[in-house]
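Notes follow once the structure below has been shown.
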Amino acid sequence: MAIERTFSILKPDATRRNLTGAINALIEKAGLRIVAQKRVQITRAQAETFYAVHKERPFFGELVETMIGGPVVVQVLEGEDAIRKYRDVLGATDPSKAAPGTIRKEFALSVGENSAHGSDAPETAAIEIAQWFSGNEIVG
Ligand code: DAT
Ligand code: MG
């Protein structure tokens, strides 16, 4: 497996509860390197673009409101098999189904406020990284 990059968001429920360092500790413990990171307030238009794949889903409105409800930390994570590895570190979308030790099991409040996002495939990782970072902001 090659070295990959994946895109991560520490969501508003995490920044609100001052959990960004605790989540970053789990990321780094898993062997992933944080090669880019910034704290931003997402606009409604950015949230709608980011989650466009879900726009027909019944939870889309709630999802957008949640993502713009406070600052987020956007990140690029790098490492061996980073995309799959970070999905493992995140745990299941629904925190009640997430394995012990995962970010969502340890920190998430609900399906909607599940503390962090991670790309699901190489294609989406590339698109998501490019939406939030220019090349010179990523320092591996
Ligand atoms: P993931 O974030 O694990 O990739 P997803 O892509 O299916 O999950 O959904 C994106 C986000 O949308 C998810 O992190 C939280 C929200 N969401 C998903 N299913 C939901 C539901 N049934 N009710 C409320 N929010 C939901
Ligand atoms: Mg997803």
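In listed order, ligands and their atoms are each counted from 1. Computed from a predicted structure; not experimentally measured.
- Not a single donor-acceptor pair under 3.5 Å links the side chain of Glu78 to the backbone N or O of Arg5.
- For the atom pair CZ of Arg17 and CD1 of Ile23, the computed distance is 7.5 Å after rounding to the nearest 0.5 Å.
- Crowding of Lys38 atom NZ: a count of heavy atoms from other residues, nucleotides or ligands under 6.0 Å exceeding 12.
- For Asp88, the salt bridge (Lys or Arg N to Asp or Glu O under 4.0 Å) partners two or more places apart in sequence, or in a different chain, are Arg84.
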List, for ligand 1, each N/O atom that has a protein N/O partner under 3.5 Å away, with both atom names and the distance.
{"from": "ligand 1", "atom 1": "2 (O)", "to": "Arg104", "atom 2": "NH2", "distance (Å)": "3.0"}
{"from": "ligand 1", "atom 1": "3 (O)", "to": "Arg87", "atom 2": "NH2", "distance (Å)": "3.0"}
{"from": "ligand 1", "atom 1": "3 (O)", "to": "Thr93", "atom 2": "OG1", "distance (Å)": "2.5"}
{"from": "ligand 1", "atom 1": "3 (O)", "to": "Arg104", "atom 2": "NH1", "distance (Å)": "3.0"}
{"from": "ligand 1", "atom 1": "4 (O)", "to": "Arg87", "atom 2": "NH1", "distance (Å)": "2.9"}
{"from": "ligand 1", "atom 1": "4 (O)", "to": "Arg87", "atom 2": "NH2", "distance (Å)": "3.3"}
{"from": "ligand 1", "atom 1": "6 (O)", "to": "His54", "atom 2": "NE2", "distance (Å)": "3.0"}
{"from": "ligand 1", "atom 1": "8 (O)", "to": "Thr93", "atom 2": "OG1", "distance (Å)": "3.3"}
{"from": "ligand 1", "atom 1": "9 (O)", "to": "His54", "atom 2": "NE2", "distance (Å)": "3.4"}
{"from": "ligand 1", "atom 1": "14 (O)", "to": "Lys11", "atom 2": "NZ", "distance (Å)": "3.0"}
{"from": "ligand 1", "atom 1": "14 (O)", "to": "Asn114", "atom 2": "ND2", "distance (Å)": "2.9"}

Quick one: do Ile9 and Phe50 satisfy side-chain contact (heavy atoms from CB on, under 4.5 Å)? Show the steps, please. CA-CA 11 Å; Ile9 304 179; Phe50 185 78; 3.7 Å; yes

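- When all heavy atoms are compared, the tightest approach of Lys11 to Tyr51 is NZ-OH, 3.5 Å.
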